[in-house]
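Within every chain, numbering begins at 1; the chains are lettered A, B, ... in the order of the sequence lines, protein sequences first and strands thereafter.
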Protein chains: 2
Amino acid sequence: MTDINERIRDLDTGVDRVKKAAQKGPRANVSTDPALLDLAELLFFAYRDFTREPDKILDEFGFGRAHHRVLHFVNRRPGMRVADLLEILKITKQSLGRVLKQLVDDGFIAQEAGKSDRRERLLHPTAHGRELANRLAEPQLERVAHALNASGRKAQSSIEMFLYQMISEADRSQVERLLMSKDRQHEKREERE
Amino acid sequence: MTDINERIRDLDTGVDRVKKAAQKGPRANVSTDPALLDLAELLFFAYRDFTREPDKILDEFGFGRAHHRVLHFVNRRPGMRVADLLEILKITKQSLGRVLKQLVDDGFIAQEAGKSDRRERLLHPTAHGRELANRLAEPQLERVAHALNASGRKAQSSIEMFLYQMISEADRSQVERLLMSKDRQHEKREERE
DNA sequence: AAAAATAAGTCAACATGACTGACATAAATG
DNA sequence: CATTTATGTCAGTCATGTTGACTTATTTTT
């Protein structure tokens with residue numbers, strides 16, 4: 001299992017590769033390469049199916065995909081603020097408020113005032129929340145594991161790089177921080193439980 | 001530029017790789033590998049941003065993401081039937097009907113009765129339709145091209161494989177056929193225009 | 001200490017795109 | 001002629017996104 005920091009450091013090397021490629025002269029017109037459109041379609045299909053099993057489970061609870069996203073990130077990064085979630089999901093306070101309220105009311109997420117800044121509501125998954133988050137993650141992880149096996153584990157870093165570079169440049173560093181921060185949480189978790 | 005059939009043939013080798021990996025004994029529990037969750041999150045972020053620029057363009061026309069999907073597939077595979085679209089998008093006739101009607105009314109898609117079966121409405125993009133489809137595709141292709149450059153072109157087939165294997169098994173052959181069929185259309189296009 | 005900024009929650013109103021279930025029409029097929 | 005199929009449509013519902021304005025509690029700035 002590769003270390004997270006190692007993997008994240010690798011993501012940066014992609015930038016150099018892009019610069020090098022750009023120096024090779026004017027890039028071929030993107031609309032002439034049919035492989036690009038194939039990839040775009042594959043991404044659509046991959047994502048379409050990626051959300052299917054969780055959606056079915058969510059139905060049992062009267063939840064939707066929006067609840068999944070909120071619960072996932074709160075579970076992954078306990079202690080997250082509401083503002084952080086808004087940044088990640090890129091939705092409005094209104095939209096988030098609705099689903100968050102339901103998750104809190106139904107006992108999947110607990111709020112607690114920040115210690116240094118008591119205006120903040122730090123979000124934590126409850127035991128039920130963790131359980132549901134894991135159940136929702138399972139089919140998705142199976143799917144990713146399968147696809148990873150099929151593409152050869154050697155390709156894993158390239159795939160991470162590809163997906164990482166698909167993120168808008170302005171948001172990449174935020175995601176990078178997110179990937180690192182949840183790992184720090186992971187280490188801390190042993191103490192808390 | 002790799003031949004499409006060669007690339008699709010490659011997709012099948014992934015199956016063998018999965019079988020081989022399975023023989024190595026009981027697979028490690030997927031929930032213990034943090035890299036899998038990272039990939040799942042990266043996929044979320046990649047898709048989140050993948051749809052942003054097109055969404056903005058669609059706004060100008062009073063269209064939404066659903067219109068994009070319909071127009072994209074009709075443009076990619078002219079002559080497609082309504083039933084094909086339903087299969088691909090996995091939505092109901094009702095949902096499709098609404099957006100399709102708008103695209104037809106606004107002159108982006110034309111319908112024509114099938115020759116062998118006149119119940120079928122074969123869907124074609126109009127000149128305006130092709131223009132809009134290309135405009136919507138452009139930022140997405142740029143994004144994919146960028147990400148591909150960053151991950152190294154050598155990794156391209158692994159990335160295609162990964163995304164392909166993320167598709168539910170039952171739908172893979174359908175997608176494979178789709179990827180091939182639009183290419184046949186591509187060859188024919190020269191004659192028609 | 002007063003004023004301004006910030007974090008969060010809430011109100012009302014609205015749009016989009018999903019869903020269900022039933023039904024209509026035209027054409028093909030047995 | 002009866003049935004099946006491909007498509008379109010009606011009516012109603014729900015989930016999730018939007019905007020803009022406003023409140024409350026708390027922190028920060030002046």
Taking distance alone, no hydrogens or angles, what donor-acceptor pairs closer than 3.5 Å link side-chain atoms of residues 50-57 of chain A to residues at least two apart or in another chain?
residue : atom : partner  : partner atom : Å
A:Thr51 : OG1  : A:Tyr47  : O            : 3.4
A:Thr51 : OG1  : A:Arg48  : O            : 3.1
A:Thr51 : OG1  : A:Arg65  : NH2          : 3.3
A:Arg52 : NE   : A:Asp49  : OD1          : 3.3
A:Arg52 : NH2  : A:Asp49  : OD1          : 2.9
A:Arg52 : NH2  : B:Asp171 : OD2          : 2.8
A:Glu53 : OE1  : A:Arg143 : NH2          : 2.9
A:Glu53 : OE2  : A:Arg143 : NH2          : 3.0
A:Asp55 : OD1  : A:Arg65  : NE           : 3.4
A:Asp55 : OD2  : A:Arg65  : NE           : 3.3
A:Asp55 : OD2  : A:Arg65  : NH2          : 2.8

Just how far, in rounded Å, is C1' of D:dC14 from CG of A:Asp59? 11 Å
Can you check the A:Glu112 CD to D:dT26 P distance for me, whole Å? 15 Å
Could you pull out all residues at least two apart from A:Glu60 that satisfy salt bridge (charged side-chain N to carboxylate O under 4.0 Å, His left out)? A:Arg135
Are the side chains of B:Leu123 and B:Gln111 in contact, using a 4.5 Å heavy-atom criterion? yes
Length of the line joining B:Leu123:CG and D:dA6:P, which is rounded to integer Å: 14 Å
First of B:Arg65 and A:Gly97 reached from the 5' end of DNA chain C, by closest nucleotide: A:Gly97
Out of curiosity, does A:Leu122 fall in the hydrophobic cluster containing A:Leu85 (side-chain heavy atoms, cut-off under 4.5 Å, transitive links)? no
Which part of the nucleic acid does B:Gly64 contact within heavy-atom distance under 4.0 Å: base, sugar-phosphate only, or nothing? sugar-phosphate
Nearest whole Å is fine: how far is C:dA7 C1' from A:Glu87 CD? 14 Å
When you check the phosphate oxygens OP1 and OP2 of C:dA8, does a side-chain N or O of A:Gln111 lie under 4.0 Å from one of them? no
Using atom CG of B:Leu86 as one end and atom C1' of D:dT9 as the other, report the distance to the nearest whole Å. 14 Å
Start with the C-alpha distance between B:Met80 and B:Ile88, add both sets of side-chain angles, then the distance that settles side chain to side chain contact (heavy atoms under 4.5 Å, CB included), and finish with yes or no. CA-CA 11 Å; B:Met80 181 176 253; B:Ile88 287 172; 3.3 Å; yes
Please list, one pair per line, the donor and acceptor atoms closer than 3.5 Å that link side chains of residues 102-110 of chain B to other protein atoms, with sequence neighbours excluded.
residue  : atom : partner  : partner atom : Å
B:Gln102 : OE1  : B:His67  : NE2          : 3.0
B:Asp105 : OD2  : B:Lys101 : NZ           : 3.2

Residue pairs involving residues 72-95 of chain A (criterion ring-ring contact (aromatic ring centres under 6.0 Å, His included); sequence neighbours excluded): A:Phe73-B:Phe44, A:Phe73-B:Phe45
Kindly give the atom pairs (protein nitrogen or oxygen, nucleotide nitrogen or oxygen) under 3.5 Å for nucleotides 27-30 of chain C.
residue : atom : partner  : partner atom : Å
C:dA28  : OP1  : B:Arg118 : N            : 3.1

Using atom CG of A:Leu96 as one end and atom P of C:dG9 as the other, report the distance to the nearest whole Å. 8 Å
Sole residue of B:Asn75, B:Leu100, B:Ile91 in side-chain contact (heavy atoms from CB on, under 4.5 Å) with B:Val70: B:Leu100
Taking OP1 and OP2 of D:dT16, is either one under 4.0 Å from a side-chain nitrogen or oxygen of A:His67? yes
Send over the distance from B:Ile109 CD1 to D:dT7 P, rounded to a whole Å. 14 Å
Report each atom pair, protein N/O against N/O of nucleotides 18-20 of chain D, whose distance is under 3.5 angstrom.
residue : atom : partner : partner atom : Å
D:dT18  : OP2  : A:Thr92 : N            : 2.6
D:dT18  : OP2  : A:Thr92 : OG1          : 2.8
D:dT18  : OP2  : A:Ser95 : OG           : 3.3

Whole Å only: how far is the CZ atom of A:Arg69 from the C1' atom of D:dT16? 9 Å
Have a look at A:Gln102 and say if it touches a base, only the backbone sugar-phosphate, or nothing, with a 4.0 Å heavy-atom cut-off. nothing
A:Tyr164 side chain to A:Arg172 backbone, donor-acceptor under 3.5 Å: yes
